Amino acid sequence: MSLLRFVAVPFDPPVNMDWWFFYSSRAVQYAGSIPEEVKTAAIGSGTAAALLRANAPVDFCGSGSPERVAEDFLSVCAGRRVFFPRARQSRLSVQLILRDRAMVLDAVCYENHAAPPEEAIDANTYIFTSPLNVAAYLDHYSLPTGARVLAIGPSTGSELERRGIPCEWPETPSETALVELL
């Protein structure tokens, strides 16, 4: 069950970029047509799969925390022009690390809004896939004592821990890794 609602935001992508970097499969969905002459980068395997489904190449695929992905990506993008189509609520984690070593441009191509359920969900295990997903649920409901809580990755896990909720997350932030952890 999704606790988020997504809305496209019109934007004009910059021209003459070397790379387009995608944080999420939603960014792939809402970014529009990727110019053939640019290389594409994905923060992780789920986003890379969305690029492949959109018939776009994947020239770089990160693995691990946004910090690790940014450092790995620098080996191919230092000094280059990198465009980030993103959500309005993005934490800009990769951009902030790259900004002094690459030309970074971004544009909001979609918004995500919390869409909490009408009533609490009764489960033994709760899986959260973004910090906004955490807020959409936990700003309205609490989790039952003893529930197992999984996060897709460190950003989501940090938000849960900030709220005092112990959780686990896989080494690689992907849906496949979440299923394996489960």
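What you see is a predicted model, and the numbers here were worked out from it, not measured in a lab. All heavy atoms count here, side chains included; hydrogens, waters and symmetry mates do not.
Both V76 and V69 are part of a single hydrophobic cluster, where members link through side-chain heavy atoms under 4.5 Å apart. Under the 4.5 Å side-chain contact rule for hydrophobic residues, F83 and W19 do not share a cluster. In the hydrophobic cluster analysis, where Ile, Leu, Val, Met, Phe, Trp and Tyr join through side-chain heavy atoms closer than 4.5 angstrom, F6 is grouped apart from L3. Taking hydrophobic clusters as Ile, Leu, Val, Met, Phe, Trp and Tyr residues chained together by side-chain heavy-atom distances below 4.5 Å, L96 does not share a cluster with L74. Taking hydrophobic clusters as Ile, Leu, Val, Met, Phe, Trp and Tyr residues chained together by side-chain heavy-atom distances below 4.5 Å, M17 shares a cluster with F11.
No more than 12 heavy atoms of other residues, nucleotides or ligands sit less than 6.0 Å from atom CD of E119. By the neighbour-count criterion of 12 heavy atoms within 6.0 Å, atom CD of E175 is sparsely surrounded, having that number or fewer from other residues, nucleotides or ligands.
R91 has its side chain out of reach of P66: every pair of non-hydrogen atoms, C-beta onward, lies at least 4.5 Å apart. Side-chain contact between Y30 and P85 is absent, with no heavy atoms from C-beta onward closer than 4.5 Å.
You'll find the ring centres of F21 and F73 inside the 6.0 Å limit. Taking the six-membered ring for Trp, F84 and Y23 have ring centres closer than 6.0 Å.
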Side-chain donor-acceptor pairs of residues 102-114 under 3.5 Å, sequence neighbours excluded:
from	atom 1	to	atom 2	distance (Å)
D106	OD2	R86	NE	2.6
D106	OD2	Q95	NE2	3.1
Y110	OH	S24	OG	2.8
E111	OE1	H113	NE2	3.1
E111	OE2	R88	NE	2.5
E111	OE2	R88	NH2	2.9

Considering only distance and modelled atom types, tabulate donor-acceptor pairs under 3.5 Å from the side chains of residues 143-167, sequence neighbours left out.
from	atom 1	to	atom 2	distance (Å)
R148	NE	E168	OE2	2.8
R148	NH1	L182	O	3.4
R148	NH2	E168	OE1	3.4
R148	NH2	E168	OE2	3.4
R148	NH2	L181	O	3.0
T156	OG1	S130	N	3.4
S158	OG	P154	O	2.8
E159	OE1	R162	NE	3.1
E159	OE2	R162	NH2	2.8
E159	OE2	R163	NE	2.9
R163	NH1	D139	OD1	3.0
R163	NH2	D139	OD1	2.9

For residues 39-49, please give each side-chain donor-acceptor pair under 3.5 Å, one per line with the distance, not counting sequence neighbours.
from	atom 1	to	atom 2	distance (Å)
T40	OG1	P57	O	2.1

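No donor-acceptor distance shorter than 3.5 angstrom exists from the side chain of S90 to the backbone of A87, with no hydrogens or angles considered.
Here ring-ring contact (aromatic ring centres under 6.0 Å, His included) pairs that include residues 147-182, with residues two or more places apart or in two chains, number zero.
Rounding to the nearest 0.5 angstrom, the gap separating the CG atom in D100 from the CG atom in L98 is 9.5 Å. We find the CD1-CG distance between I127 and N133 to be 10.5 Å, quoted to the nearest 0.5 Å. Atom CG of N55 sits about 11.0 Å away from atom OG of S33, to the nearest 0.5 Å. Within the model, atoms SG of C61 and CG of L52 stand 9.0 Å from one another, a figure rounded to the nearest 0.5 Å.
The minimum heavy-atom distance linking A50 with V28 is given by the pair O-CG1, 3.7 Å.
Listed by chain and residue number, D18 satisfy the salt bridge (Lys or Arg N to Asp or Glu O under 4.0 Å) test with R81 (two or more places apart in sequence, or in another chain). Listed by chain and residue number, Y137 satisfy the ring pair (Phe, Tyr, Trp, His ring centres under 6.0 Å) test with Y141 (two or more places apart in sequence, or in another chain).
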